[in-house]
There are 2 protein chains.
Amino acid sequence: MAANRRPTLADVAREVGVSAKTVSRVLNEDGPSSPQTRERVLAAVAKLGFQPNLMARNIRVGGPDTTVGLVVPDLGNPFFGTVAGGIEDAVRSRGLTLLMGSSAEDPDQERTLIQTFLARRVSMLMVVPSFGADHTHLKASRAAGLPVVFLDRPGVGLSADCVVSSNRTGVHEGVSHLIARGHRRIGFVGDLPAKLYTQRERLAGYRSALAEADLPYDRTLVTGAHDQDGAAAETTALLSLPNPPTAVFAGNNMMALGVIARLTRAGRKDIALVTFDDLPLADVLEPALTVVAQDPAAIGEAAARTALARLDGDRTRARTIMVPTRLVVRGSSEPAPCPAERAPAGS
Amino acid sequence: MAANRRPTLADVAREVGVSAKTVSRVLNEDGPSSPQTRERVLAAVAKLGFQPNLMARNIRVGGPDTTVGLVVPDLGNPFFGTVAGGIEDAVRSRGLTLLMGSSAEDPDQERTLIQTFLARRVSMLMVVPSFGADHTHLKASRAAGLPVVFLDRPGVGLSADCVVSSNRTGVHEGVSHLIARGHRRIGFVGDLPAKLYTQRERLAGYRSALAEADLPYDRTLVTGAHDQDGAAAETTALLSLPNPPTAVFAGNNMMALGVIARLTRAGRKDIALVTFDDLPLADVLEPALTVVAQDPAAIGEAAARTALARLDGDRTRARTIMVPTRLVVRGSSEPAPCPAERAPAGS
DNA sequence: GTGAAAGCGCTAACAG
DNA sequence: CTGTTAGCGCTTTCAC
């Protein structure tokens, strides 16, 4: 009933009448042990409900703990959840457990979390950097052999492995798709702050696609917002321009929600739309959404594999891995530009 | 360059010329220390890049580790991610870190994960039970004082705290809403296996709403599927019935996707729809989706609070906490039944 | 095949 | 204010 002391190796040993080391041997299948001893030890373990103390073990063995430290900006975001799933799948066979925390996109919290992970001697550290965070403080740990991998965005002040989506080429492809359909004025609704790595890259992809087609870059067509409602408002603004776009590219899925909401409410089925990042409902919408899909599970997997390779002694220099995106053409990019003021039929 | 041994307390002590205990005192702000010593210790810590070893500390202090073990069936599901976020927010102030793993809805993996957590001496254990899992094996740990909380679904074979959504009354409310709008034949598309706790409860809510309105329970109107495509197929089957439903209730959001897809493709805007669990795009759909929304963050928070209370000595008997759902009426439940074959106008 | 002793990195308990 | 000793639960090392 009361919170009794949990049984230890010594308790088991006493119960059986052998030494602690013998019990240890049986449990870890390290060194030989007679079948009878084995039998009796296992029985005692079951009887006492003994649970080995992994912390005590690790401290003695001296190596890193069998955990993977992962810092994400938001646990509720399925993108990061899926990344985490990819990591877990890749490290499970090595017996590693995921230690996961949220930085809430705050550099201070991120740093605190990282310190906690270091204090726990994680075997590898994976971080989705918060905007504004600096990672110089990780130099010593990395030099001491700790594999560090940045996910989704590169780290700052530390040369370490990094796994990101091919943001630039992905957007390039999506925008080129719109251009190929005849659009010459394409709006871009990005995330704020616009300096966020992913948004910078995506905007660069937008610009390179325009450049490739010899289209002018018109900054009045480029906006950004903090949330869904903001994106909706920016969409309205874009459509009210004297010379409005005939197509819109949404820089991430939160922006997409706002843009879609506004387009739908306004009944503007004539505006073509492509979005970065897939949405569960993308193919259920009317029209179905054309997206540049990321592969979060592959990002997690690549990160884990890189880190495991480091753990296994890979000492080559830090690399950046681009996980390709995939253009999924559905209906929303269908509308061709129609300069005439002809409203599409209702059905 | 090489993976040198990390500095220990003793190394710092030697550097400064004091005892290890003094360094410990400074770092933990335990007991007094002269400002000069403090200063010099801190300097040495910084110089050597010392990181305290939390495992060694915990083993000595003897108490549980400052971690929370959380087992979920799927890391990529935003529902569980948001639950995890709720837990983290609630335990952060106590300095607890989240240890999180996925059971992939497999009882064996769930058990393995739980063993790992126990071996790590987590301070509390939170589990979303997999279908078919048994938790009798946790009795000893719970008796030894480990707070155990089941989330989303009750555990099996162990009396422990449990936090669930008010599935039954939530669905009751949603179905009653449809009935109030005049519907008398309402389809139910649930998740499989139908014996899953949440689906049992939700179906019970469906039946109680019918009973309350003196409507017959017609089992041909009740179906289930494993995935989105299955739900779409079941929707088609429902609508092809000789006496088809005029409204549909979807038992979770994956089912919802299938039902919506089919209804949209078939152009059946005359069928009313209510869904369990909110979707990010719910209010962007045309029509916007009426949902019975769960509150995953509140579930996580309630679980964490309960467990913390146990940690603080609460020895009252295990309780089940229902986190209320909320009916969010949007457009999709709008259509009233129209026995006549009159198709609604396009716009 | 098994055991005794030492020690991992840290802190409790007692000195001084 | 600071140091010493012992020991957390386990494994390593070496002996039997």
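Naming convention: chains lettered A, B, ... in sequence-line order (proteins, then strands); numbering from 1 in each chain. In what follows, every heavy atom counts, from backbone to side chain, and hydrogens, waters and symmetry copies are set aside. The model shown is predicted, which means the values in this text are computed figures rather than measured ones.
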Asks: For DNA chain C, determine which residues of residues 39-51 of chain A have any heavy atom closer than 4.0 angstrom to one of its atoms, and list them numerically.
Replies: none
Asks: Are a donor atom and an acceptor atom from the side chains of A/S165 and A/Q294 found within less than 3.5 Å of each other?
Replies: yes
Asks: Taking only heavy atoms on the protein side, list every residue of residues 112-121 of chain B lying under 4.0 Å from any atom of DNA chain D, sorted numerically.
Replies: none
Asks: Taking five pairs at each end, how big is the angle between the two axes of the helix from C/dG1-D/dC16 to C/dG16-D/dC1, to 10°?
Replies: 30°
Asks: When the distance from CD1 of B/I59 to P of C/dC8 is rounded to whole Å, what number comes out?
Replies: 13 Å
Asks: Side chains of A/S103 and A/S130: do they bring a donor and an acceptor to under 3.5 Å?
Replies: yes
Asks: Tabulate below the donor-acceptor pairs under 3.5 Å that side-chain atoms of residues 154-163 of chain A make, not counting sequence neighbours, or state none.
Replies:
unit_1 : atom_1 : unit_2 : atom_2 : d
A/D161 : OD1    : A/R310 : NH2    : 2.9
A/D161 : OD1    : A/R319 : N      : 2.9
A/D161 : OD2    : A/R310 : NE     : 2.7
A/D161 : OD2    : A/R310 : NH2    : 3.3

Asks: Between B/D312 and B/R94, does any NZ, NE, NH1 or NH2 come within less than 4.0 Å of an OD or OE carboxylate oxygen?
Replies: yes
Asks: Which residues satisfy the salt bridge (charged side-chain N to carboxylate O under 4.0 Å, His left out) test with A/R38, sequence neighbours excluded?
Replies: none
Asks: Less than 3.5 Å apart, any donor N or O on the side chain of A/S34 or A/R40 sitting next to an acceptor on the other?
Replies: no
Asks: Check A/E105 with A/R153, please: is the shortest side-chain N to carboxylate O separation under 4.0 Å?
Replies: yes
Asks: Can you measure B/L54 atom CG to C/dC8 atom C1' for me and round it to whole angstrom units?
Replies: 16 Å
Asks: Please enumerate all residues that pass ring pair (Phe, Tyr, Trp, His ring centres under 6.0 Å) together with B/F150, with sequence neighbours excluded.
Replies: B/H135
Asks: B/L9 CG to C/dC10 C1': how many Å, rounded?
Replies: 6 Å
Asks: Can you confirm whether the side chains of A/T66 and A/R121 place a donor and an acceptor under 3.5 Å from each other?
Replies: no
Asks: Below 4.0 angstrom, which residues in residues 14-36 of chain B have at least one non-hydrogen atom near DNA chain C?
Replies: B/K21, B/S24, B/N28
Asks: Are B/R14 and B/D11 within salt-bridge range, i.e. N to O under 4.0 Å?
Replies: yes
Asks: Which ring-ring contact (aromatic ring centres under 6.0 Å, His included) pairs, counting each pair once, include a residue from residues 40-86 of chain A, with sequence neighbours left out?
Replies: none
Asks: Could you check whether any side-chain heavy atom of A/L151 comes within less than 4.5 Å of a side-chain heavy atom of A/V72, counting everything from C-beta outward?
Replies: no
Asks: Nearest-nucleotide wise, let me know which of B/T37 and A/P52 is further upstream toward the 5' end of DNA chain D.
Replies: B/T37
Asks: According to side chain to side chain contact (heavy atoms under 4.5 Å, CB included), who are the partners of A/E39, at least two apart in sequence or on a separate chain?
Replies: none
Asks: Within this structure, what is the CG-to-P distance between A/D65 and C/dC8, rounded to whole angstrom?
Replies: 19 Å
Asks: For residues 48-62 of chain A, which residue pairs pass the salt bridge (charged side-chain N to carboxylate O under 4.0 Å, His left out) check, not counting sequence neighbours?
Replies: none
Asks: For A/L113, enumerate each residue passing the side chain to side chain contact (heavy atoms under 4.5 Å, CB included) test, keeping only those at least two apart in sequence or located in another chain.
Replies: A/V71, A/F117
Asks: First and last nucleotide of DNA chain D touching chain B, 5' to 3', heavy-atom cut-off 4.0 Å?
Replies: D/dC1 to D/dG9
